[in-house]
Trainee: 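I have a structure I would like to understand better, so I am pasting it below and will then ask my questions one at a time.
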Amino acid sequence: MENKVEERGGWGSKFGFLMAAAGSAIGLGNLWKFPYLAAKFGGGLFVVVYLAIVVLLGFTMMLGELTIGRSTRLEQYSAYRKLNKKWGFLGALGVLSAFMILSFYSVVGGWVLKYIFTFLTGGVKGDPGAFFGTFSGSVGEPIFWHALFMIATLLIVLGGISGGIEKASKIMMPLLFLFLIILVVRVLTLPGAGAGVAYYLKPNFANFSLDVVVKAMGQVFFSLSLGMGTLVTYGSYLNGTEDLQENALTIPALDTLAALLAGLAIVPAVVAFGMDLDAGPKLLFITLPKIFDSMPLGGIFGLMFFVLVFFAAVTSSISLLEVPVAWVVDSKGWTRKKAVFFFATVCWVIGIGASLSLGVWDMKFLPNMGLFDTLDYLTSNIMLPLGGLLMSLFYTFAWGYEAPIAEIKKGSTFSLQSFWKLSMMVLVPIMMAVLFLTQMGILKL
Ligand code: TRP
C-alpha cells in the first residue's frame with residue numbers, strides 16, 4: 001500500500017521543476033500572440049513595456065503563487081482553505097479556469113498534430129487558407145486530432161509528477177529551444193529579413209498609449225500561466241529547499257526569451273515574404289505554411305516548426321490538466337488514474353463543442369461568440385485577471401506577509417523582499433484593476 005505522500009509525488013530535481021514550470025509558461029501564447037502584438041504595437045516599444053511588466057507583475061505574482069503552493073504542499077483549493085477557511089473559492093475559481101482553458105487549448109493542439117502529419121506527408125498542397133478553413137471548419141477530422149492531442153496529454157500526466165510531467169518537460173523544452181534557434185538562424189539569412197527585424201524591434205514611441213500597457217499586461221498573464229494557480233499546484237510539489245526568488249526570476253526570463261525568439265523567427269519571415277501579420281490561428285496555420293511552401297527546404301523547416309509548437313502546447317496542456325487532477329487526488333482521495341481519465345474525457349467532450357463552434361455549430365454563448373471564443377474570452381479577459389487581483393487581496397487581507405516571507409527565506413536569502421511586498425500590496429491590485437476594468441469595457445483608454 002502506498003501512503004498518501006508517496007502517491008502525491010514530487011519533483012525529482014531542481015532542473016526538472018524549472019523545465020516543467022517553463023514548459024507550462026511557454027506555449028501557444030508565446031508563439032502566436034507575442035510576435036503579433038509586438039509587431040502591431042510599436043515593435044521594440046511593446047517589447048520594452050512587456051519586459052517592464054514581466055519584472056513588476058510577472059515576478060511578483062509568480063513568487064506569490066509558488067509560495068502558496070510550497071508552504072502548504074496541497075493543491076490550490078485545499079491550499080487556500082488551509083491558509084484561510086474563507087478563501088477556498090479562489091482555488092475553486094482556478095480549477096474551473098484550468099478546465100475551461102484546456103477545453104479549447106487542446107483543440108488547437110489537435111490542429112498542430114494535423115499539421116505535423118501534413119508536413120510529414122508532403123506539406124500543405126494548394127492554398128493554405130482554403131486548406132485551413134476546410135479542415136478547422138469540418139466535423140470529424142479536427143475531433144480526431146483533438147482526441148490524439150488529449151491522449152498525449154493524458155499519458156504524460158498519468159505518469160505523475162516526476163515520472164510524467166517532469167520527464168517530458170526535460171526532453172521537450174531543450175529541444176524546443178534548439179529548434180527555435182535553428183529557425184531563427186534560417187529566417188535571418190533570408191533575403192529581406194533585415195527590414196523585418198527592424199520592423200519588429202525598432203521602437204516606435206509615437207505608438208505609446210495606455211492601451212499598449214493593458215495589452216502587454218494581459219499577455220504577461222496568459223503567457224506566464226498566472227492567475228489560476230498552475231504555479232500553486234506546481235509549487236506544491238517542491239520540497240522546501242529551493243530558491244523561490246531565483247525561480248520566479250528564471251521562469252519568466254525563459255518565457256520571455258522564447259517569446260522574443262519566436263518573434264525573431266516569425267516577424268522577419270512574414271515581412272520578407274510581404275505578407276500580413278495576422279493574430280491567432282491565421283498566422284500559424286495559414287501565413288507560415290505559405291512561407292514554408294516557398295522556402296528552400298521549407299518542408300523540413302515546416303515540420304520542425306510544428307514539432308516545436310507541439311512541444312510548447314503539450315507542456316502547457318499537461319500543466320492545465322494537472323490542476324483539476326491534483327484537486328481531486330488531494331481533496332477527494334481519487335487515484336491519479338481515475339482523475340486523469342475523468343478530466344481528460346470531460347475536457348475532450350467540451351472541446352468537441354468548441355471545435356464544432358468554428359464550423360457547423362452556430363450557437364452563441366456571448367454576443368457573437370461561439371463556444372470556442374467564449375471559453376477563450378471568459379478565461380483570458382476576465383477569470384485570470386480576477387484571479388490575480390484576488391490573490392493579491394488574499395495576501396494583504398487574509399494571509400499577511402510574515403509567513404510567506406519566512407517560507408521564501410527557507411530556501412534562500414530574499415533580497416527583493418521589500419520590492420515584492422510593495423508590489424503585491426500596491427502595484428498588482430492597481431494594475432489588475434485597470435486591466436480588469438478595460439477588459440470588461442467599463443474603463444475606456
Ligand atoms: N502559458 C501558456 C501559453 O502561453 C498557456 C497556459 C498554460 C496558461 N497554463 C496556463 C495560461 C494557466 C493561463 C493560465 O500558451
Side-chain angles (χ1 to χ4, degrees), residues 19-37 50 54 57-58 61-62 64-66 69 75-76 90-91 93-109 111-112 149 153 156-157 165 169 172-173 176 180 216-235 251-252 254-263 279-281 283-284 308-327 343 347 375-388 390-391 432 435 439:
M19 288 301 104
S24 169
I26 299 168
L28 296 166
N30 303 55
L31 296 168
W32 84 20
K33 257 178 116 193
F34 182 85
Y36 156 78
L37 287 171
Y50 183 88
V54 167
L57 202 144
M61 299 258 324
M62 184 154 296
E65 292 203 12
L66 290 174
E75 61 75 35
Q76 51 168 334
L90 183 49
L93 180 75
V95 173
L96 183 67
S97 308
F99 194 76
M100 288 167 66
I101 297 177
L102 182 58
S103 297
F104 72 87
Y105 206 84
S106 55
V107 172
V108 183
W111 298 347
V112 176
F149 184 81
T153 305
I156 297 172
V157 179
I165 294 178
S169 307
M172 289 179 183
M173 295 315 290
L176 182 154
L180 202 48
M217 253 192 304
Q219 174 63 11
V220 166
F221 240 77
F222 190 85
S223 190
L224 291 179
S225 301
L226 294 171
M228 49 141 278
T230 308
L231 278 310
V232 175
T233 304
Y234 273 19
I251 299 162
L254 287 174
D255 184 71
T256 307
L257 179 65
L260 289 171
L261 287 173
L283 184 61
L284 285 197
L308 168 179
V309 179
F310 170 72
F311 288 166
V314 83
T315 49
S316 296
S317 68
I318 55 182
S319 77
L320 290 163
L321 181 57
E322 178 60 27
V323 168
V325 165
W327 167 50
F343 284 107
C347 285
L375 290 169
D376 185 10
Y377 179 84
L378 282 182
T379 49
S380 314
N381 296 351
I382 297 176
M383 295 168 77
L384 300 181
L386 186 62
L390 289 170
M391 183 178 78
M432 288 338 304
L435 174 72
Q439 301 276 37

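Order of listing sets the numbers, starting from 1, for every ligand and every atom in it.
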Trainee: Checking side-chain polar atoms at under 3.5 Å, does Ser319 have a donor or acceptor matched by the opposite partner on Ser24?
Mentor: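 Note: Ser319 and Ser24 side chains meet the donor-acceptor criterion.
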Trainee: Fit a plane to each ring of Phe343 and Trp327, take the angle between them on a 0 to 90° scale, and name the class: parallel (under 30°), tilted (30 to 60°) or perpendicular (over 60°).
Mentor: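 The rings of Phe343 and Trp327 sit tilted, inter-plane angle from 30° to 60°.
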Trainee: Applying side chain to side chain contact (heavy atoms under 4.5 Å, CB included), name anything that partners Leu96, two or more places apart in sequence or on another chain.
Mentor: Met100, Met383
Trainee: Write none if no such pair exists; otherwise list each N/O atom of ligand 1 with its protein N/O partner under 3.5 Å and the distance.
Mentor:
unit_1, atom_1, unit_2, atom_2, d
ligand 1, 1 (N), Ser24, O, 3.3
ligand 1, 1 (N), Ala25, O, 2.9
ligand 1, 1 (N), Phe222, O, 2.8
ligand 1, 1 (N), Ser223, O, 3.1
ligand 1, 1 (N), Ser225, OG, 3.1
ligand 1, 4 (O), Ala25, O, 3.1
ligand 1, 4 (O), Gly29, N, 3.4
ligand 1, 4 (O), Asn30, OD1, 3.3
ligand 1, 9 (N), Ser225, OG, 3.3
ligand 1, 15 (O), Leu28, N, 3.0
ligand 1, 15 (O), Gly29, N, 2.9
ligand 1, 15 (O), Tyr105, OH, 2.6

Trainee: Roughly how far apart are Met61 CE and Ser225 OG, rounded to 0.5 Å?
Mentor: 11.0 Å
Trainee: Going by the rule side chain to side chain contact (heavy atoms under 4.5 Å, CB included), which residues pair with Ala313 if we only count those two or more places apart in sequence or in a different chain?
Mentor: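 Counting only residues at least two positions away or on another chain, Ala313 forms a side chain to side chain contact (heavy atoms under 4.5 Å, CB included) with Leu28, Tyr105, Phe149.
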Trainee: In chain order, what residues pass the side chain to side chain contact (heavy atoms under 4.5 Å, CB included) check against Thr256, with sequence neighbours excluded?
Mentor: Tyr50, Leu51, Val54, Leu260
